[in-house]
Amino acid sequence: MNFAVLASGRGGNLQAIIEALKDGRIKAHLKVVVSDKKDAYALERAREAKIPSVFINPKDFNDRESYDRAVVERLHKFNVDFIVLAGYMRLVSDYFIEQYPDKILNIHPSLLPEFKGLHAIKKAFDSGVTVTGCTVHIVVREMDAGPIVLQEKVPIAPKDSLESLEEKIHQAEHRIYPKAIDLFVRGKLKIEGRKVTVL
């Protein structure tokens, strides 16, 4: 299977995916990395790994859907079967989701459905909960509400700072995202409504 990674930032999860591809934990082809940020370090990581990288400037488009149409057009050129969002800071349009139904994976730095949206780690840290984590889910129209594929719990210790908690959650993300992609590629995910069964 062929896939694309969409990223807006430093590309930590992208790097974990690249390493999983190299050592055979994901048996698929990463065909292209697309970013909406010209200076995203994720693009540099792609170049270092000899993976095609593409910057598409949102300022060149009037609205979210016209931007997404340009992204999808580029993805079609690479014969992409599914999409992995890795720190992609744009909400995708209904049009985008319709092109890849149940074929877009995202990772979120909380145990969904808790702490949806931006600044999830800070929200958890400030809330007083003792456990948070990360979630891989299928992308649907409603933000951070798709069927849950995998989750990993991360305890919040009394000595944790926001920065140390962020680091622990990023490490957990780097563990579970390659696992979730591997399950998807091997056809091991049965999606029924809001539920995912790992076969």
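Any value given below was found using the heavy atoms of this structure, including those in side chains, with hydrogens, waters and symmetry copies removed.
Using a 4.0 Å cut-off between charged side-chain N and carboxylate O, K179 and E173 make no salt bridge. The pair R69-E65 meets the salt-bridge criterion, with a side-chain N (NZ, NE, NH1 or NH2) lying under 4.0 Å from an Asp/Glu carboxylate O. A salt bridge is absent between D182 and K188: the closest approach of a Lys/Arg side-chain nitrogen to an acidic carboxylate oxygen does not fall below 4.0 angstrom.
Judged purely by atom type and a 3.5 angstrom limit, D68 uses its side chain to pair as donor or acceptor with the backbone of S93. At least one donor-acceptor pair under 3.5 Å links the side chain of K123 to the backbone N or O of L118. At least one donor-acceptor pair closer than 3.5 Å links the side chain of K27 to the backbone N or O of G24. Between the side chain of S35 and the backbone N or O of K37 there is at least one donor-acceptor pair closer than 3.5 Å.
In this structure the side chain of L105 reaches within 4.5 angstrom of the side chain of I138, judged on heavy atoms.
When the side chain to side chain donor-acceptor pair (under 3.5 Å) test is applied to K122, the partners found at least two apart in sequence or on another chain are D126. Not a single side chain to side chain donor-acceptor pair (under 3.5 Å) links S127 to another residue, sequence neighbours left out.
Its side chain within the 4.5 Å cluster rule, Y95 clusters with L6, V32, V34, V54, I56, F61, Y67, V71, V72, L75, F78, V80, I83, L85, Y88, V92, F96, I97, Y100, I104, V139 among the Ile, Leu, Val, Met, Phe, Trp and Tyr residues. Taking Ile, Leu, Val, Met, Phe, Trp and Tyr as members and joining any whose side-chain heavy atoms lie under 4.5 Å apart, directly or through other members, the hydrophobic cluster of L91 also contains M143. F115 belongs to a hydrophobic cluster whose remaining members, ordered by chain and number, are I121, F125, V129, V154, I156, L162, L165, I169; membership requires side-chain heavy atoms of ILVMFWY residues under 4.5 Å apart, directly or through intermediates. Under a 4.5 Å side-chain heavy-atom cut-off, the cluster of Ile, Leu, Val, Met, Phe, Trp and Tyr residues that includes L111 is completed by V131.
Residues E152 and A172 approach most closely at OE2-CB, 3.6 Å, considering heavy atoms.
Between the side chains of S164 and D160, at least one donor-acceptor pair of N or O atoms lies under 3.5 Å.
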